[in-house]
**Q** 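The structure follows.
Just so we're on the same page: letters track the sequence lines, and every chain starts at 1.
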Number of protein chains: 2
Amino acid sequence: MATGRTHRPATRSRGIPEATVARLPLYLRALTGLSERSVPTVSSEELAAAAGVNSAKLRKDFSYLGSYGTRGVGYDVEYLVYQISRELGLTQDWPVVIVGIGNLGAALANYGGFASRGFRVAALIDADPAMAGRPVAGIPVRHSDQLEEIVRDNGVSIGVIATPAGAAQQVCDRLVAAGITSILNFAPTVLTVPDGVDVRKVDLSIELQILAFHEQRKAGEDVPDVPPPPPTTVAQDGAAPADDEAPAPAQAPAADDGQAPAARRDRKGPDDELPAVMPA
Amino acid sequence: MATGRTHRPATRSRGIPEATVARLPLYLRALTGLSERSVPTVSSEELAAAAGVNSAKLRKDFSYLGSYGTRGVGYDVEYLVYQISRELGLTQDWPVVIVGIGNLGAALANYGGFASRGFRVAALIDADPAMAGRPVAGIPVRHSDQLEEIVRDNGVSIGVIATPAGAAQQVCDRLVAAGITSILNFAPTVLTVPDGVDVRKVDLSIELQILAFHEQRKAGEDVPDVPPPPPTTVAQDGAAPADDEAPAPAQAPAADDGQAPAARRDRKGPDDELPAVMPA
DNA sequence: CATTGTGAACCGATTCACAGCG
DNA sequence: CGCTGTGAATCGGTTCACAATG
C-alpha cells in the first residue's frame, strides 16, 4: 500500500507555487465581482482586501504569472480575470462526474458554483439501482455499472467522490482505471491513487475538529484535565516515572476552570461517516 | 485567519503548529479504525501509512503533544485516541448551529461525521419563513429571527454558514454578535470577523479550480493557448526578450523532478482580440 | 534490536522594504 | 508621485538522520 509508494511528487507544477495556485481562485472571485460592477482597475491593496489576503502576497503571486499590472496604476480587471482564468484552465470546459448521490452528492449537483466556472456536471452516478433514472438537479442519476462508460464517453477527467467512506477507495480505483486523473474526495477516508493522479480532499468533520481545537483554547484555556487513562498494556509504566501528562514543550499552566470530565464521546459507534447513499 | 495581525504564536502556551493541528483529526480517524479492529499498538510507520502521511512527520507531530510512544514498540492505540481527542477538545460536546438550510445545509445536517465526533447540531436556522418548523434530519428548522436567542440559550460557540454568498457576512456578523467565536464558512465569500474569532472556509468550487489547474498541465500541456488578449491599455510590454517565460525568480535549479513538461506554457502572446471572459 | 523523539538541514512560503517605472 | 515587481530576510514546516531507550 502506501508503503513503498513513492510520495506523490505530483507537485512538479514547475513555475507557480502551489500556495499561489490555491489563491488564484480567490483572486478570480474578487475580480469577477469587480468586473460585474464595471470597475476598470484595482490596486494590489484593494484587490488583496477583497480577496482576504495581504497585498504583498498578492503581488508576489501575480509576479509568478507575469507582469500584468501597471506601476502607479494597478491591474486591469478584465485582463486579469482572463489571465487567471486561463492559468487555472477555466477557459475550457471541464466535464465532471459526481459519484454518490446522497445528501451531499445531491447538494453538489445543485451547487451553482460549479457550473459557473466551467465545470459541467456530465453525470451523476450512484450505486443504488433505485436512484437510477431519478433526476437530481435536472440530471438523471445513472447506475455505477456504467461508470467507466460514462467517463470515457464524456472524456471526463475530474471526478467527485461523495460516497460513504467504505465505498470511496473502490470508486476511486474505478474512476482512475476509467481514465480520471483528478479527484475531489468528500469521503472521510485516505485515498490511494497511482502517480499522476491528483486528489484533493474536503473533510467536513476535520474542519470542525480544527475549530474545536482553537475553541477549546480560547474559552477555558484549560482542557478537561481528565487524568490520562491507563496506557492499557504498552507503556505500562507500573511505577514508572509518572510522566503522563503532556510533557514536551513548554507546558502551559493548567488553570482549571470548572472542569467537567465532560461526557466523553464514545467514538465507537457504527462509524457512520459520510452521508449515506440510500441503501437499496 | 481571523488572527490577522496578532499572530497567536505567543509561544507561551502549548505550541502546537497549525499544520500539526490540521493533521490530528487525520490521525484520530486512522486510530479509531485500528481501535475498532482491536489493534493494540501501532508503529509510527503503520499509522502514518494509514493516515496518508510520512512517519517522520507523524512522529514530529506527536512529539508536540508529548512522549506518548514506547521506543522499540510503537504507540498504544487507545491511549493515543484519548490523548488526541483530548487535545482536539473532542472530549467535550460542541453544540453547533447550521445557518442556511438549502441543499448544502441539509446535507450537513444529515452528515453523520459531525455527530460522531462530539459535534451536536443544536439548531438549524434559515431565513425562509416557509422552512420554519419543517424538520430536516429530524431537527426542526427555526427562523433566523431567533438566531441570537438560539445561540445564547444553547451556549453555541461554533457556527456553520451554508447560506448564499450574499447573506453570509450578515449572518456571520449576527453569529459573532451573539457570541459565536468559531465559524465554518461554506459560502463562497470572504468573511470579515473581529479578532478572536476563527473562520475556516470550505469552498467547493475553489477545490475544483485547483484540480483544473493541475489537470490542464497534465493533459496535453498544450492547453488551448488562446493568445492572451490585449492588455487593453495597461501592461503593454513591448517586445520581450526571446523567451519571455515566467519571471521565475531565483528558482533556477530544478530539483529532481523527473520529467517536467519541457514545453513551458508561454504566457504572453502578442496582443490580439479581447477574450470573452467567462460568465459569472 | 526496533522504533521513538528530536536537533539540524532543508525548503517552500510569507513578509519586508525598496528599486523601478509608468 | 503611487504602485508594481522583486531581491533578501524571515518564518514555518518538512525531512533527514541519528542518538536515546524500552
**Q** Just compare C:dA8, C:dC18, C:dT4 and give me whichever is closest to any side-chain atom of B:Lys60.
**A** C:dA8
**Q** Taking only Watson-Crick and G-U wobble pairs with both distances under 3.5 Å, what dot-bracket line describes DNA chain C, where [ ] shows pairs that cross earlier ones and | shows pairs with another strand?
**A** ||||||||||||||||||||||
**Q** From CD1 of A:Ile16 over to P of C:dA13, roughly how many Å is that when rounded to an integer?
**A** 12 Å
**Q** Looking at CD1 of A:Ile183 and CD1 of A:Ile161, how far apart are the two atoms once the value is rounded to the nearest 0.5 Å?
**A** 4.5 Å
**Q** Quickly work out the B:Leu65 CG to C:dT6 C1' distance and round it to whole Å.
**A** 14 Å
**Q** Grab the CZ-C1' distance between B:Arg23 and D:dG12 for me, whole Å please.
**A** 11 Å
**Q** Going from NE2 on B:His214 to CG on A:Leu88, what distance comes out if it is rounded to the nearest 0.5 angstrom?
**A** 9.5 Å
**Q** Measure the spacing between OG1 of A:Thr20 and OH of A:Tyr27 and express it to the nearest 0.5 Å.
**A** 7.0 Å
**Q** Report the distance from atom OH of A:Tyr75 to atom P of D:dG2, rounded to the nearest whole Å.
**A** 17 Å
**Q** For A:Glu18 and C:dT14, give me the distance from atom CD to atom P, rounded to whole Å.
**A** 11 Å
**Q** Between A:Asp61 and B:Phe62, who's closer to the 5' end of DNA chain C by nearest nucleotide?
**A** B:Phe62
**Q** Out of curiosity, B:Asp198 CG to A:Arg217 CZ, how far, rounded to the nearest 0.5 Å?
**A** 11.5 Å
**Q** Determine, using ring centers only, whether B:Tyr79 and B:Tyr68 are less than 6.0 Å apart.
**A** yes
**Q** Nearest 0.5 Å, please: how far is CZ in B:Phe114 from CD in A:Gln209?
**A** 10.0 Å
**Q** Between A:Gly72 and A:Ala19, who's closer to the 5' end of DNA chain C by nearest nucleotide?
**A** A:Ala19
**Q** At less than 4.0 Å, is any side-chain N or O atom of B:Asn54 found next to OP1 or OP2 of D:dT14? Yes or no.
**A** no
**Q** Of all the choices, C:dA17, C:dG22, D:dG13, which nucleotide is nearest to the side chain of A:Arg59 once you look at every atom?
**A** C:dA17
**Q** Is there, by distance only and without an angle test, a donor paired with an acceptor across the side chain of B:Arg71 and the base of C:dT4 below 3.5 Å?
**A** yes
**Q** Between C:dG5 atom C1' and B:Tyr68 atom OH, what is the distance in whole Å?
**A** 14 Å
**Q** Could you pull out the closest heavy-atom pair between B:Glu87 and A:Gln216, with the gap in Å?
**A** O-NE2, 2.9 Å
**Q** Roughly how many Å is it from CD in B:Glu45 to C1' in D:dT15, rounded to a whole number?
**A** 13 Å
**Q** Does a side-chain N or O from A:Tyr64 land closer than 4.0 Å to OP1 or OP2 of C:dT14, or not?
**A** no
**Q** For the side chain of B:Ser44, starting at C-beta, report the closest nucleotide among D:dT4, D:dG13, C:dT4.
**A** C:dT4
**Q** Could you give the NZ-to-C1' distance, from A:Lys57 to D:dT10, as a whole number of Å?
**A** 14 Å
**Q** From the options C:dG5, C:dA8, C:dA13, select the nucleotide whose nearest atom is closest to the side chain of A:Pro17.
**A** C:dA13
